[in-house]
K.L.:
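Structure incoming, see below.
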Amino acid sequence: MNRDFAQAVYDIVKLIPYGRVTSYGAIAKHIGSPQSSRAVGWLLNNSLEYNLPAHRVVNRNGVLTGKKAFSENSTMQSRLEKEGVEVKDDKIVNFKTLFWNPSDELHYTF
DNA sequence: GTATTGACCGTAG
DNA sequence: TCTACGGCCAATA
């Protein structure tokens with residue numbers, strides 16, 4: 001597997017603050033491959049065992065497209081709601097407000 | 001080495 | 001506003 005790519009994705013996901021969310025595209029863009037959002041999603045699916053806050057990562061519309069990847073079909077939504085994120089019909093209500101841009105954390109500079 | 005799949009995204013009609 | 005298509009990247013068969 002492309003270790004560098006995977007590592008970068010995992011590191012960024014780990015930086016997502018409590019109660020905030022981001023998108024696959026934003027992560028991919030921050031890494032340097034704006035078109036690799038699919039790979040990001042794939043990697044997250046394979047990193048459920050890594051103890052990452054993967055539930056804070058959704059698609060560009062704020063929809064919980066990856067909820068079915070979790071053990072229970074409602075695990076993702078439950079965790080988000082537990083963090084104060086309002087979820088309605090599988091999508092984040094205040095997505096635009098809760099959205100966390102990785103660029104805000106300038107720890108990562110490419 | 002080729003084909004297919006997947007937690008996606010942007011553009012065009 | 002909604003749908004369709006193509007493209008991109010990593011992993012698997």
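Because only heavy atoms are used, hydrogens play no part in the values below, and waters and symmetry mates are left out as well, while side chains stay in. Each chain gets a letter, A, B and so on, in the order the sequences are listed, and its residues count up from 1.
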K.L.:
On DNA chain C, compare the nucleotides closest to A:R38 and A:N46; which residue's is nearer the 5' end?
P.N.:
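Result: A:R38.
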K.L.:
Taking any heavy-atom pair under 4.0 Å as a contact, classify A:V58: base, sugar-phosphate, or nothing.
P.N.:
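Answer is nothing: A:V58 stays at 4.0 Å or more from every strand.
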K.L.:
What is the nucleic acid contact for A:L48, judged by heavy atoms within less than 4.0 Å: base, sugar-phosphate only, or nothing?
P.N.:
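Answer is base: heavy atoms of A:L48 come under 4.0 Å of a base.
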K.L.:
Please give, in whole Å, the distance from C:dC9 P to A:I27 CD1?
P.N.:
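Atom-to-atom, A:I27 to C:dC9, this comes out as 17 Å.
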K.L.:
Return the 5'-most residue of the pair A:S23, A:V40 with respect to DNA chain B, ranking by each residue's nearest nucleotide.
P.N.:
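On the 5' side of the pair lies A:V40.
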K.L.:
Does a side-chain heavy-atom distance below 4.5 Å link A:Y50 with A:V13?
P.N.:
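Of all side-chain heavy-atom pairs linking A:V13 with A:Y50, none is under 4.5 Å.
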K.L.:
Starting at OH of A:Y24 and ending at C1' of C:dC8, how long is that distance when rounded to a whole Å?
P.N.:
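Whole-Å distance recorded here is 17 Å.
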K.L.:
Contact class for A:N59 (heavy atom, under 4.0 Å): base, sugar-phosphate, or nothing?
P.N.:
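Sugar-phosphate contact only - A:N59 comes under 4.0 Å of backbone atoms but never of a base.
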K.L.:
Nearest whole Å is fine: how far is B:dA7 C1' from A:D90 CG?
P.N.:
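It is 13 Å, rounded to the nearest whole Å.
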K.L.:
Any base atoms under 4.0 Å from A:S37, or only sugar-phosphate, or nothing? Heavy atoms, all strands.
P.N.:
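Base contact - A:S37 has a heavy atom under 4.0 Å of at least one base atom.
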K.L.:
Base, sugar-phosphate alone, or nothing: which one does A:A54 contact when heavy atoms must sit under 4.0 Å apart?
P.N.:
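The answer is base, as A:A54 lies within the cut-off (heavy atoms under 4.0 Å) of a base atom.
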K.L.:
So do the side chains of A:P102 and A:L15 get within less than 4.5 Å of each other, counting heavy atoms only?
P.N.:
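They are not in contact (no side-chain heavy atoms under 4.5 Å apart), so the answer is no.
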K.L.:
Within the structure provided, determine whether A:K14 and A:L52 are in side-chain contact (heavy-atom separation under 4.5 Å).
P.N.:
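A:K14 reaches A:L52 side chain to side chain.
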K.L.:
Would you mind telling me which of B:dC9, B:dA7, C:dA11 lies closest to the side-chain atoms of A:N45?
P.N.:
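Among B:dC9, B:dA7, C:dA11, the one nearest the side chain of A:N45 is B:dA7.
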K.L.:
Among C:dC9, B:dA7, B:dC9, which nucleotide sits nearest the side chain of A:A39?
P.N.:
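The closest nucleotide is C:dC9.
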K.L.:
Could you check how far CG of A:N73 sits from C1' of B:dA7, rounded to whole Å?
P.N.:
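Atom CG in A:N73 sits about 12 Å away from atom C1' in B:dA7.
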K.L.:
What is the nucleic acid contact for A:K68, judged by heavy atoms within less than 4.0 Å: base, sugar-phosphate only, or nothing?
P.N.:
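Since only primed, P, OP1 and OP2 atoms lie under 4.0 Å of A:K68, the category is sugar-phosphate.
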K.L.:
Round to a whole Å and report the spacing from NZ of A:K29 to P of B:dC9.
P.N.:
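A:K29 atom NZ is separated from B:dC9 atom P by 12 Å.
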K.L.:
Which part of the nucleic acid, if any, lies within reach of A:T65 when heavy atoms closer than 4.0 Å are counted: base, sugar-phosphate only, or nothing?
P.N.:
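Sugar-phosphate, no base atom in range.
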K.L.:
How many whole angstroms separate atom CZ of A:F5 from atom C1' of C:dA10?
P.N.:
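For the pair A:F5 CZ and C:dA10 C1', the rounded distance is 7 Å.
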K.L.:
Is it the case that the side chain of A:R56 and the backbone of A:I16 share a donor-acceptor pair, with hydrogens and angles ignored and the cut-off at 3.5 Å?
P.N.:
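Flag set: sc A:R56 to bb A:I16 pair under 3.5 Å.
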K.L.:
Under the ring pair (Phe, Tyr, Trp, His ring centres under 6.0 Å) rule, collect the residues that match up with A:F95, sequence neighbours excluded.
P.N.:
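For A:F95 the ring pair (Phe, Tyr, Trp, His ring centres under 6.0 Å) partners, ignoring immediate neighbours, are A:F99.
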K.L.:
For the pair made of CG in A:L52 and P in B:dA7, what is the distance, rounded to whole Å?
P.N.:
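So the CG-P distance, A:L52 to B:dA7, works out to 18 Å.
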K.L.:
Measure the distance from CH2 on A:W42 to P on B:dC8 and round it to the nearest whole Å.
P.N.:
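Taking CH2 of A:W42 and P of B:dC8, I get 14 Å after rounding.
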